[in-house]
Structures are given as C-alpha cells and as structure tokens.
Protein chains: 2
Amino acid sequence: MTAETDESFGDVTPDAARRLLLGAVEAFAERGFHATTTRDIAGRAGMSPAALYIHYKTKEELLFQISRVGHERSVHLMEEATAGDGSAAERLAHAVRSFARWHAEHHTTGRVVQYELAALSEQHYAQIVRLRRRTEDILRGVLQDGVASGEFAVGDIRGTALAVLSLCVDVARWFRPDSRRTPDEIGVLYADLALRMAGHRAG
Amino acid sequence: MTAETDESFGDVTPDAARRLLLGAVEAFAERGFHATTTRDIAGRAGMSPAALYIHYKTKEELLFQISRVGHERSVHLMEEATAGDGSAAERLAHAVRSFARWHAEHHTTGRVVQYELAALSEQHYAQIVRLRRRTEDILRGVLQDGVASGEFAVGDIRGTALAVLSLCVDVARWFRPDSRRTPDEIGVLYADLALRMAGHRAG
DNA sequence: GTCTATACAGGGATAGAC
DNA sequence: GTCTATCCCTGTATAGAC
C-alpha cells in the first residue's frame, strides 16, 4: 500500500474495498493477474480470503475496477493536457509529459492497466477498449492540428500517434522507483522526444 | 504453428520438442505463462500432457528456452545491423528498422520474450538480463558514435537509447497481423522516428 | 518416446457461525 | 461485514504399461 497507489483509488469506499483494490494492484503488478491468489490479495488487505467476495463478485471484477479507473484517469490526463488554446507543440509537450510521468509515478497501476487486458472478460474488455480509443483520438488530434498549422512535419499521423503513446506506455514496464531519473525528468525528456518525432523545429 | 514461429525455432530437435516449443509460444502469447496449462501446450503439439516432461523438466524450462532463443536473436540482430563501417545514422536506421520489424513479424515470440520475464526462475532471469544488457549497450554505442561525429544531437544518451528500444519492443504488444501496416513499413517508419529522436538532420 | 491413469497441491468461491 | 472451514475443480508432475 504505497503512497503511489493510494492516490488513484483514494475515493473508493468502504475502506475494506479500497484496501482490497490496493492489495490487488500491488499483487497483479508484481506477479500478474493469473499468478496472484485471492488469498494473497486478501492477506495484503489484512483480511481473510472470504472477505474479498463481500466486496467483489470475482477476482476478475477486481481487475476490471483497477483497469477502468486507470483508463479513465488516462483519458482525463489527455483531455486536461490538450485542452486550452496553446499551440499544438505546447499541447503535445504537455500531454506527453503528463502521460509519461503518470506511467512512471503510477508504474504499479500502469503495469496492470496496460499489460493485464487479456485477463478481462469479453464485455469488460470491450468497455476498456472504448476508453483506449478516446485517448488515442485525442493525441492524434493534436498531431493533426500541428500539421495543419505547419508546426509539425509528420508523414504518417496515425502511426506516429501510436508510436508516441507506445513510448509513454512502455515506461510502466521498465520504470523502477530507484531509477536514475525521477518521473518528472522522464516526462520532460519524453516531451522533447515527442516533439522531435513530430518534426517540430525548436525555437 | 504459424510460419512466423517456425523460423526462430526451426533447428530445435527432436521434432516433438520443437512442436512443444511452438505450441508453448502460441499459448503463452495468447494467454500468458500462468494462464497456460501444460495440457494446452501438449494438445497444440498433438501429444498427451505427459509427453511434455520427456523433453522439458518443467513448464518454466519451456519458457526459458523461448526467452533465451528470442533474446539471442535480438542480440544477433543488433550486432548485425550495427556492424560495418556505415555512418552512425545509417547504423541506427538499420538497427531500428530491423529490431522493430522483428517485433512485428515475430510479435507472438516477441510478446513472450518481452512480457513474461517475471515468470522465469531467478537463475534463468539473471541469464536473460545479461543478454538484454548487451542489446542495450550496442544501441547506446551507436548513439554515442553519432554524437561524437556530430551526426546526432542528443542530450541524454542513455535515456534516448532506452526510449528507442522501448518503442521497438512495444510493437510486439500492439501489433496484429491484420494491421494496416506491414512489418517492414513499421520498420521504415520507426527508423525515421529514431533518427528524429537522435536529432539527426536529414540530407 | 508416448500413452493412460493418477497422485497431490493449490486456488476460486461458498456455507454458515458470529 | 468478517471469520473459519471447506467444497470442488484445475493443473503440474509422476508411475508404470507398451
């Protein structure tokens, strides 16, 4: 139950349900969904295995809640960073800095959100895919704006948008808290890399 | 048993051991290591569950063989692409095109290689980490060469090398064979993106 | 080397008391 | 809402025949 995970699920009630969610995030991130036992999750939450089923119907529902909240947070970050009347370059930099930083700061949640999708039920998966599309659309829109305004030089907008997202998402895979870079430093570096990928001329 | 997987493990003998390996690659890529049963693997190879243990001591050993061969292939690709006396820009482009293309063409193997490391035993994991370091070192060396020769403008060489690898690796996560791009088109696009990330001025 | 049969452990989920 | 106890299935791995 690190400070990291606390933040994203802070408003989940009752308290026991939140503790279970936090335990599940940690366990899923460490071992993966299928290698995690309900006993482990309940143990981390300081409860008996049976108590889990008072708050969640199945282990998969626990994964779905984590995935849903994480993806909603992603969409929100993207919307927030790209809203406003800045230039396309400013909005791209803001979005990438924020998105990459989130995947470093919340690498535990991020790992579950990005790499455990296959364990979701078909219906839950479909719901998550809709959220993922929104995130992609927002970023692609920023690249399109920049090309239209002449700020960016991008041949393949769809491919480049996918690549930029890909770069940010992958931070959750390799980031370690004892890394030589802080989450914000990663955000700053990645915002610069994204501008370069978009063919933005500095100055 | 797609044509894709055939290639990487073509020289594994005897035949039964190879079929098991190919079945395991498919199953691990689809469901993940822990969600895959030995019955499933044996079934894909057209054998009884018990036959698996004639050729492999444990399920984990099967994963290790896949991971080892895949990582050795990665190192080999990197070495081949960055050898020779081309400019740093040529060598970077070649390496990234080759590495990204491999993760698209062999996305099934790639998924297992990149995303199932946590399921390896401690000793096997340590062995794999050594191979991963070599791949990173080679790419970092190319970036360093380019900065030294004035071809590239990179502030954070280590961070940029990591980001370029990250970009290529993540192809295995999102690539689908029915994608709108061929593996080689992805390779070409990513080589261009990597040159941009390295601050290379075209022409 | 491959099969059928099975031992044995582990884990998701529930029953019923408090 | 939480506990203890437990059901019952699944899955890894082995035994022993062919």
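Numbered from 1 within each chain, the chains take letters A, B, ... in sequence-line order.
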Original post:
Between B:Arg18 and B:Asp11, does at least one N-O distance fall below 4.0 Å, as a salt bridge requires?
Top reply: no
Original post:
Between A:Leu20 (CG) and D:dG1 (C1'), how many Å, whole number?
Top reply: 12 Å
**OP:** Nearest whole angstrom, please: distance from the P of D:dG1 to the NE2 of A:His55.
**Re:** 6 Å
Subject >> B:Asp137: which of B:Arg133, B:Arg134, B:Arg140 passes salt bridge (charged side-chain N to carboxylate O under 4.0 Å, His left out) >> reply: B:Arg140
**OP:** State, without any angle test, whether A:Glu151 and A:Ser149 hold a side-chain donor-acceptor pair at a distance under 3.5 Å.
**Re:** yes
Original post:
Expressed in angstrom and rounded to an integer, what is the separation of B:Tyr56 atom OH from D:dT12 atom C1'?
Top reply: 17 Å
**OP:** Send over the distance from B:Arg18 CZ to C:dG1 P, rounded to a whole Å.
**Re:** 15 Å
Original post:
For B:Ile41 and D:dT12, what is the distance between atoms CD1 and P respectively, to the nearest whole Å?
Top reply: 7 Å
Original post:
Could you write nucleotides 3-16 of chain C as a row of B, S and -, 5' to 3', where a protein heavy atom under 4.0 Å of any base atom gives B, of only sugar-phosphate atoms gives S, and otherwise -?
Top reply: BB------BBBBB-
Original post:
Residues in ring pair (Phe, Tyr, Trp, His ring centres under 6.0 Å) with B:Phe64, at least two apart?
Top reply: B:His124
Without placing hydrogens or testing angles, list every side-chain donor-acceptor pair under 3.5 Å for residues 80-88 of chain A, not counting sequence neighbours.
unit_1, atom_1, unit_2, atom_2, d
A:Thr82, OG1, A:Met78, O, 2.7
A:Ser87, OG, A:Glu90, N, 3.1

Subject >> B:Glu136/B:Arg132 ion pair, N-O < 4.0 Å >> reply: no
